[in-house]
Trainee: 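Pasting in a structure now, in structure tokens, and then I'll have a few things to ask.
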Amino acid sequence: MAASSHNPFPRSPNPSTRSYDSSSVSSATSPRPQVQLLGNLMGSSARSNAVQAPQPIGIPPLPPASQTGFQPYTPVTANSVMGRDSLPPTDSVASTPGLSSAQLSANVSAQKRAYRQRRKDPSCDACRERKVKCDATETTSCSECSSRNVKCQFTKETNRRMSSIKQVQDLEKQIERVRRENSNLRRTLAERGEHMDIDVEGAEQLPQHLPPDLNSEPRKRRRPTPLLQDPSRARAAFRNFSKGVLKSPAPYRQPQAAIATFDHPRPPLPLKATVDKLLHTYYGAAHIMMPILHWPTLQHQVDELYQNTTNIQRVPISWHSMFFAVLAVGSLFSNDPYPDRTLRASEFLEASRSLTDPWNNDFDLDNVRAFFLISLTLNELNLKSASWKWLGSAVRSAQDLELHLEVTGVRSRVEADMRRRVWWAIYVLDRTLSMELGRPFMIDDCDCDVALPEPFDDHFLHTEGPVHPPHVIPLSHFLHIIVNITRSYSAMRKAFSNSVIEPPRLATFDNHFIACQNMFPEVCEANNASFIAPHMLMPLAYLLSARLLLHRHNLSPGCPPEARGDAIQQCKVTAIETANLIARINVTLADTATALLVTHIFRSTLFLLLTGCYELASTCLRALKSIDARRDVTIPCGRFLSFFTQILGAKQRELSAVLPRSTTPGYHPQTALPDPRAVQDALLKDEELLIYVSADMQASTETAWVWIGAEREAPLAMPLSSAGGGLTHLDTRTGLDAKEREDWGGWDGLIELTRGLATTAVASPALSYAPRAQTLPPIKMEQGANIPGSGTAEIGSSRNSPTAGAVSGSRSTERISIASII
């Protein structure tokens, strides 16, 4: 009598917990070894009422403790499929002898019941077609399919008696095998530096690096599971005996007893009136964007400092260094005469550096603030490599304090929020400076899970929490908006790794930037004609610069001509919006413009000149003229623009002489001019001009194409070693000597050159930029008042439809009158 045996080796790697009765799928005439029957009759009950746990494939079950010998084990070979060749036979599962009569009787009764309940086996597809006996089991193919080397499967409609669990297990096994093979193939291609072309319709799409949602919190990193018992005893012992071996996490770190403190002579303090003025300019230029200080606390600390100036040593040296760095930033944005402000900022910066211990091993929050402000000041002084170095110190010291992690050991709400603000300010500077220099980011998003700062101004934050009175705007600084903009830079850098950014991906970024622009006040909208304060344009520079850098990537020679043309038009749209915003400034940009804004205006002017928007380009040039030497990067930008304008004019005259002339009735053909559209199209396709327009794209080896083949030229002379004094030497800050700073003709000559380019086309009318006196925002800002505009119609695109602005600008530059032809 055939016996029903439980097979402990299911096919699927995810075995079901249900027991599968092989008698329901085996034929009555199927050959069964007699050893199996004898083992079931003479041995102990190998199959009790309890369901046995399935065993892994290729590993036989453990023998009972009373068994003297071990079962033979056949390892999984490379030729076996999922260990199928190494499966032990059913009769190899032996049992201990010595059954009682009651157990034997129960076993025989169970075998009889299984025999009565057994049904005829369904046959596989191959055996059914050949009408032969099928001896397939749950785990093995039938002998007929194995001999013919075909797949043993059950798919016919008449085979629905097959167990549904087995079908699910087979499908799971196939899916798992495909996934494993696909993963191995991707890993192999990644090691070779290749990529896999995937059919989007037939395969899963790989997740693209997209900008995060607005105000979304970073993904939380894993934390250890708390113990069930209190580890206070182990904590006390660990804190004592781990000294010198490791540092505890920042919130639980005890202050070290200093053996030899860094006691540098303290520089003299400036006058209190000077400090109050510089703090005001710092607030209006830097604090509204990077509020790394709790302003009421800073004012209280400054007042205490000047109440007792005889004992300055009582002030922590880290706070003193941070204080001088704040004054250095305030000096750069003050309205003092040009040489004085830079020299005084250099003195404060040197004082802050002298109070920095280069061998410090225990940092505090003021150390991080000082490093950040020094880096920010050096960036404004156009010493970007030095700024990059100090930014690295700020990043590493902040990570040493675990500012990149959301910690729970901070007791004060103000301190906790200051930690978040300092970290996100460092994050913004890291992203911005890295994109400007074309260098890798120092901060990885995957390493950070610190929350965004609380949406409250400083005067609403208190130790127990924020106190927000009703009917008052809780937030007036722009840190949250800037963070949302710069968090997309990681996805942009991933997109820059491709030679061409496809239109769907560009549209994703554009939608993100539109959402970021909606976070600004209504007065910053592109279709608003009201005047705006200059401090509103500083955070907008992050958004406008990101949009231009994104689309400018498709200017590279590896992009198709259509993509390069679209890139020029999109950059033109951003440049037009920039020029219109500059024209709406109600005061001068001279004392509030940052290096980022100056660089963005420089890039926008290049595209406005290339695309024929000469009046809008003149608006940008007048803004740069008002800034002039107040930012050290402005003079080099003007020199480059003067060179580009001369090259553009020469090529324009050359094309006018080569291209066919338009025939106007009643005029001699020699007095006619070529079609301006043909001249403009030829300029947009000139490779030399595209190199000049790309500007700082040529500063990185990964994006530059102008230096290809330069290794075949004569080697240049090695630069002389620097003798120091970069803060005070104008040649170091500008990269130009005295002759080069004067040979480009100045701003007035550059504006005249721009007007000369407009002789062959009537440029579109634009709002003019007229510098006015400087006004800084108040220290405690509630809501910025909108100054009514003059009603002049603006030129440019609306915020939600930038294409319209591009069409409007192009039509205005394509019109040509008969008077201009004569």
Side-chain angles (χ1 to χ4, degrees), residues 282 285-287 289-293 318 321-322 324-326 328-329 332-333 345-346 348-350 352-358 360 363-405 418-445 447-448 450 479 482-483 485-487 489-490 492-493 538-539 541-542 545-546 549 594-599 631-633 696 699-700 722 726-727 732-733:
Y282 172 85
H287 187 78
M289 293 189 296
M290 307 291 181
I292 63 174
L293 299 166
S318 59
S321 175
M322 180 270 299
F324 280 113
V326 169
V329 177
L332 285 180
F333 293 95
S346 302
F348 287 140
L349 206 60
E350 180 61 30
S352 177
R353 185 205 61 81
S354 66
L355 297 177
T356 301
D357 184 6
N360 185 21
F363 301 100
D364 57 18
L365 199 57
D366 288 331
N367 288 130
V368 182
R369 288 170 173 149
F371 293 150
F372 169 79
L373 292 174
I374 291 175
S375 175
L376 183 64
T377 308
L378 292 173
N379 184 38
E380 297 298 328
L381 290 172
N382 201 29
L383 301 174
K384 296 187 181 299
S385 295
S387 175
W388 175 263
K389 184 196 71 173
W390 281 91
L391 178 61
S393 300
V395 171
R396 297 312 177 205
S397 58
Q399 291 172 339
D400 182 77
L401 293 176
E402 295 185 346
L403 299 187
H404 62 292
L405 300 176
M418 289 302 109
R419 288 173 56 92
R420 300 188 190 104
R421 290 189 184 185
V422 171
W423 173 254
W424 284 112
I426 295 174
Y427 179 91
V428 168
L429 187 57
D430 171 55
R431 290 300 189 262
T432 306
L433 197 56
S434 299
M435 292 291 285
E436 290 288 320
L437 298 176
R439 297 177 183 173
F441 301 136
M442 287 184 277
I443 299 175
D444 191 349
D445 288 319
D447 298 333
C448 314
V450 61
L479 179 60
I482 297 174
V483 167
I485 296 172
T486 54
R487 288 179 71 184
Y489 285 9
S490 300
M492 287 176 56
R493 180 60 62 84
M538 305 308 118
Y542 289 90
S545 177
L549 293 179
T594 59
L596 175 64
L597 179 62
V598 172
T599 308
R631 293 294 166 268
D632 293 297
V633 72
D696 49 345
S700 174
S722 176
L727 292 177
T732 306
R733 299 197 309 268

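Since the model is a prediction, treat every value here as computed from it, not as a measurement. Start at 1 with the first residue, then count along the sequence.
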Trainee: Does Ser346 use its side chain to pair, donor to acceptor, with the backbone of Leu727 at less than 3.5 Å?
Mentor: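 The answer is yes, because a donor-acceptor pair under 3.5 Å joins these two groups.
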Trainee: For Ile292, does its backbone N or O pair with a side-chain atom of Arg369 as donor and acceptor, under 3.5 Å?
Mentor: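 Answer holds: yes.
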Trainee: Would you call Gln399 and Val395 a side-chain contact if the rule is heavy atoms closer than 4.5 Å?
Mentor: yes
Trainee: Tell me whether Arg419 contacts the main-chain N or O of Glu402 through its side chain, where contact means a donor paired with an acceptor under 3.5 Å.
Mentor: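 Present.
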Trainee: Evaluate the side-chain proximity of Arg431 to Arg487: yes if any heavy-atom separation is below 4.5 Å, no if none is.
Mentor: no
Trainee: Mind checking whether Leu596 and Met538 have side chains closer than 4.5 Å, heavy atoms only?
Mentor: no
Trainee: Would a 4.5 Å heavy-atom cut-off, applied to side chains only, mark Ser385 and Arg439 as touching?
Mentor: yes
Trainee: Thr377 and side-chain contact (heavy atoms from CB on, under 4.5 Å): which partner among Leu383, Val326, Val329?
Mentor: Val329
Trainee: Keeping the roles fixed (side chain from Ser375, backbone from Phe371), state whether a donor-acceptor pair exists under 3.5 Å.
Mentor: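 Flag not set: sc Ser375 to bb Phe371 has no pair under 3.5 Å.
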Trainee: According to ring-ring contact (aromatic ring centres under 6.0 Å, His included), who are the partners of Phe324, at least two apart in sequence or on a separate chain?
Mentor: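 Only His320 meet the ring-ring contact (aromatic ring centres under 6.0 Å, His included) criterion with Phe324.
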Trainee: Under the salt bridge (Lys or Arg N to Asp or Glu O under 4.0 Å) criterion, do Glu380 and Arg631 qualify, and how do the steps go?
Mentor: CA-CA 7 Å; Glu380 297 298 328; Arg631 293 294 166 268; 3.6 Å; yes
Trainee: Is there a side-chain contact between Phe441 and Tyr489 in this structure, where contact means two heavy atoms from C-beta onward sitting under 4.5 Å apart?
Mentor: yes
Trainee: Asn367 versus Thr356: any side-chain heavy-atom pair under 4.5 Å?
Mentor: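 Result no, sub-4.5 Å side-chain heavy-atom pair not found.
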Trainee: So Trp423 and Ile443, do their side chains get closer than 4.5 Å, heavy atoms only?
Mentor: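 Answer yes - side chains close enough.
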